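Just so we're on the same page: letters track the sequence lines, and every chain starts at 1. What you see is a predicted model, and the numbers here were worked out from it, not measured in a lab.
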Amino acid sequence: MLRTEYLPEKSWGALMTEEHMPVVVTITKVIDETPTIKTFVFDELFNIRPGQFCMVWIPGVDEIPMAFSAANAITVMKVGDATAALFTLKEGDKIGIRGPFGNGFFPTGKVLAVGGGIGVTPLFTLAAGGEVDTFILGARTAEELVFADELANVTDLKIATDDGTRGHHGFVTGILDQLDATEYDTICVCGPEMMMKGVLDRLAAKGIEARGQFSLHRYMKCGVGVCGSCCIDHEGLRVCRDGPVFTGDIIKDSEFAHHHRGPSGRKE
Amino acid sequence: MIKLQTPTERIGGVSLNNHMLLAAGVLGTTAASLSRMLRLGAGGVVTKSIGPEPKDGHHGPSLIPVAGGILNAMGLPNPSQEFTEEIAPLLAAKEPVVVSIFGGTPAEFAKVAEWFPNAPAFELNLSCPHAEGYGAAIGANPRVVRECTEAIKAFGKPVWVKLTPNVADIGVIGRAAEEGGADAIVAINTVKAMRISTGMRRPVLRNKFGGLSGTAVFPIAVRAVYDLYEACTIPIIGCGGISTADNVLEMMMAGAAAVEIGSAVYDNINVFSDIAEDLYAADGIPAGEIVGCAHD
Ligand SMILES: Cc1cc2nc3c(=O)[nH]c(=O)nc-3n(C[C@H](O)[C@H](O)[C@H](O)COP(=O)(O)OP(=O)(O)OC[C@H]3O[C@@H](n4cnc5c(N)ncnc54)[C@H](O)[C@@H]3O)c2cc1C
Ligand SMILES: Cc1cc2nc3c(=O)[nH]c(=O)nc-3n(C[C@H](O)[C@H](O)[C@H](O)COP(=O)(O)O)c2cc1C
Ligand code: FES
């Protein structure tokens with residue numbers, strides 16, 4: 001019978017015999033990265049692959065998916081209720097962490113990373129581990145750039161801002177157009193979907209979309225591949241478990257950059 | 001081990017590719033994920049339960065894997081009427097899709113059923129333990145179960161009624177469904193349960209309590225199916241904690257004509273094809289030879 005497990009060798013193991021209650025951690029440090037982004041460091045190290053994520057439990061509020069920005073940290077942009085509640089937490093407060101979940105990046109050879117906005121978080125762990133050669137970092141404006149100084153130390157960093165306040169005036173794809181993407185064996189990408197689409201289109205034009213590894217963002221409730229809220233058309237792959245990182249050839253003909261679903265499952 | 005033939009007859013009025021359906025609410029919100037499970041070997045699929053209004057479901061945490069099972073309080077998130085567009089291609093292709101529906105009254109059930117004129121069958125969710133005013137809240141009352149069943153039976157399609165184990169006598173509820181004209185009974189939905197995070201000193205689910213599924217509830221499900229087989233004459237679809245071919249056989253011996261599998265996809269997305277490999281053989285026996293054989 002047909003078996004189509006996506007990248008089975010990369011899937012993390014989970015057995016029903018194991019307990020996966022949230023690990024309660026204490027926040028040891030809150031770092032203001034930008035006016036809308038904070039890093040929360042906690043007192044527990046998780047064994048992660050760059051690109052893996054966790055479900056963050058903010059007691060009494062909600063549980064939301066977050067990439068690890070370090071083995072003991074998450075970096076969060078304030079966008080709504082749950083992230084606003086997280087922003088009120090201080091040193092000594094407790095949150096719950098389930099994870100690490102999903103398949104992270106799996107780069108080989110020479111690596112280019114392209115990160116936009118808060119999408120830089122999963123790529124930051126990749127770069128911090130010395131796995132990125134060239135890094136294209138984008139943000140709306142200079143003030144919103146995250147991890148720029150740290151990335152400059154470990155990669156050949158190129159910066160783009162929409163308003164031109166730092167680096168290239170325009171989008172990250174503008175810098176990509178000045179490079180020869182075919183020189184890279186793996187192109188790891190995370191950011192707003194339209195930005196990722198811009199990168200995918202450029203890779204596809206050169207016939208190298210399979211070298212692209214894109215970290216997708218979908219509404220998630222369980223994080224472990226059971227509830228179905230994060231499934232993408234048209235193959236029904238689970239972003240939480242079969243992803244969140246997918247190669248460009250897998251998502252090229254999917255719902256990627258077309259539509260997504262909200263908490264009720266309705267298309268948005 | 002006993003080997004079976006794949007079913008040739010309809011079960012509960014539905015033609016299935018094998019005896020195992022994907023259970024409601026597990027990877028069942030999109031046509032794409034339901035198709036994927038059919039491709040991966042499910043003999044049929046039950047959709048996420050669809051209700052009269054769109055629901056976002058409970059805030060998180062809403063699903064936690066615990067030792068031996070899964071604790072969830074999803075809160076019946078569903079796209080409501082928009083699901084008709086979602087599922088249209090699968091229904092048009094005549095795939096073995098059972099549409100699960102819920103409501104707070106027989107009239108609400110009927111309102112939802114009306115949206116799916118070409119569904120091969122309906123499964124009535126009278127058993128979800130964690131949605132106020134729905135599911136088990138009304139499914140513990142035999143009169144309401146009979147009335148809801150009658151209301152949907154009026155659409156002239158097979159009606160499966162899914163029961164909660166959280167009642168004193170499941171046989172009474174099964175008989176009410178049978179009296180209402182049900183074509184099959186599905187048992188069980190999740191078992192009411194709770195865990196507390198000791199680190200946080202509070203219930204881990206945002207909804208405080210939820211329903212337990214997976215391996216841990218298998219003995220409870222076997223007992224429920226056994227009781228229903230004694231109490232009723234219509235086919236029973238066994239559900240709850242099934243993850244191996246031997247579990248399927250055991251459910252059949254308790255009285256199940258077919259089974260549904262949900263939580264086992266957590267360990268193994270290929271659970272349907274893996275079980276089928278163990279369960280079926282060209283020279284296998286018809287399942288009818290073992291269904292209910294554990295009864296005196
Ligand atoms: C794999 C993955 C990794 C992520 N990593 C990060 C990260 O490192 N840093 C960061 O700041 N954000 C990250 N996000 C996004 C983050 O999960 C959302 O911003 C957060 O859930 C918003 O919650 P809210 O209640 O504050 O906002 P809401 O008001 O609920 O919504 C604001 C936006 O966030 C999205 N969203 C809300 N809830 C969820 C959910 N449960 N799952 C997915 N999306 C949701 C909605 O589509 C909406 O567009 C990640 C998301 C995923 C799927
Ligand atoms: C995440 C999740 C969502 C569920 N949603 C529904 C639902 O919408 N309707 C329903 O009738 N049962 C629902 N159930 C119950 C299952 O269909 C099934 O009855 C139960 O999980 C026991 O079977 P299992 O142990 O094989 O999972 C859900 C179960 C889980 C784990
Ligand atoms: S979030 Fe539940 S399947 Fe992905």
(request) Please determine, among B/L71, B/D56, B/L34, the option with the most heavy-atom pairs under 4.5 Å with chain A. (result) B/D56
(request) Please determine, among B/N72, B/T29, B/N78, the option with the most heavy-atom pairs under 4.5 Å with chain A. (result) B/N78
Could you check if a side-chain atom of [X] sits within less than 4.5 angstrom of a side-chain atom of [Y], using non-hydrogen atoms only?
X	Y	value
A/C227	B/V26	no
A/K267	B/T30	no
B/K55	A/S264	no
A/W57	B/R206	no
A/L237	B/R36	yes
B/I64	A/R98	yes

(message) Is A/M21 close to chain B through its backbone or its side chain, or both, or neither, when contacts mean heavy atoms under 4.5 Å?
(response) both
(message) Using heavy-atom distances under 4.5 Å, tell me whether A/I58 contacts chain B through its side chain, its backbone, both, or neither.
(response) neither
(message) Only pairs of heavy atoms separated by less than 4.5 Å count here; which of A/V61, A/D233, A/I64 has the most with chain B?
(response) A/V61
(request) Could you tell me which of A/G60, A/G262, A/G228 has the largest number of non-hydrogen atom pairs under 4.5 Å with chain B? (result) A/G60
(request) Using the side chain to side chain contact (heavy atoms under 4.5 Å, CB included) rule, take A/C231 and B/L27 through it: C-alpha gap first, then chi angles, then the decisive distance, then the call. (result) CA-CA 8 Å; A/C231 292; B/L27 302 178; 4.0 Å; yes
Using a cut-off of 6.0 Å, state whether more than 12 heavy atoms not belonging to [X] lie near its atom [atom1].
X	atom1	result
A/D43	CG	yes
B/K3	NZ	yes
B/E114	CD	no

(message) With a 4.5 angstrom heavy-atom cut-off, is it the side chain or the backbone of B/L22 that approaches chain A, or both, or neither?
(response) neither
(request) Please flag which part of B/S35 lies under 4.5 Å from any non-hydrogen atom of chain A: side chain, backbone, both or neither. (result) neither
(message) If the contact rule is any heavy atom under 4.5 Å from chain B, which residues of residues 186-194 of chain A qualify, in numerical order?
(response) none
(message) Heavy atom to heavy atom, less than 4.5 Å: which residues from residues 208-222 of chain A reach chain B?
(response) A/K221, A/C222
(request) Answer yes or no: is there a donor N or O on one side and an acceptor on the other, between the side chain of A/E19 and the main chain of B/V66, under 3.5 Å? (result) no
(request) Say whether, by atom type as modelled, one donor and one acceptor occur between the side chain of A/D62 and the main chain of B/G60 under 3.5 angstrom. (result) yes
Atom [atom1] in [X], atom [atom2] in [Y]: separation rounded to 0.5 Å?
X	Y	atom1	atom2	result
B/Y266	A/H20	OH	NE2	4.0 Å
B/H59	A/E63	NE2	CD	12.5 Å
B/S33	A/I232	OG	CD1	11.0 Å
B/E86	A/R261	CD	CZ	4.0 Å

(message) side chain to side chain contact (heavy atoms under 4.5 Å, CB included), that's the test. Do A/R238 and B/I269 meet it? Break it down for me.
(response) CA-CA 11 Å; A/R238 302 160 297 176; B/I269 190 91; 3.5 Å; yes
(message) For A/V24 and B/R201: C-alpha separation, side-chain torsions, deciding distance, then whether side chain to side chain contact (heavy atoms under 4.5 Å, CB included) applies.
(response) CA-CA 10 Å; A/V24 176; B/R201 299 174 177 230; over 6 Å; no
(message) Show the nearest heavy-atom pair for residues A/G265 and B/P79, with the distance to one decimal.
(response) C-CB, 4.0 Å
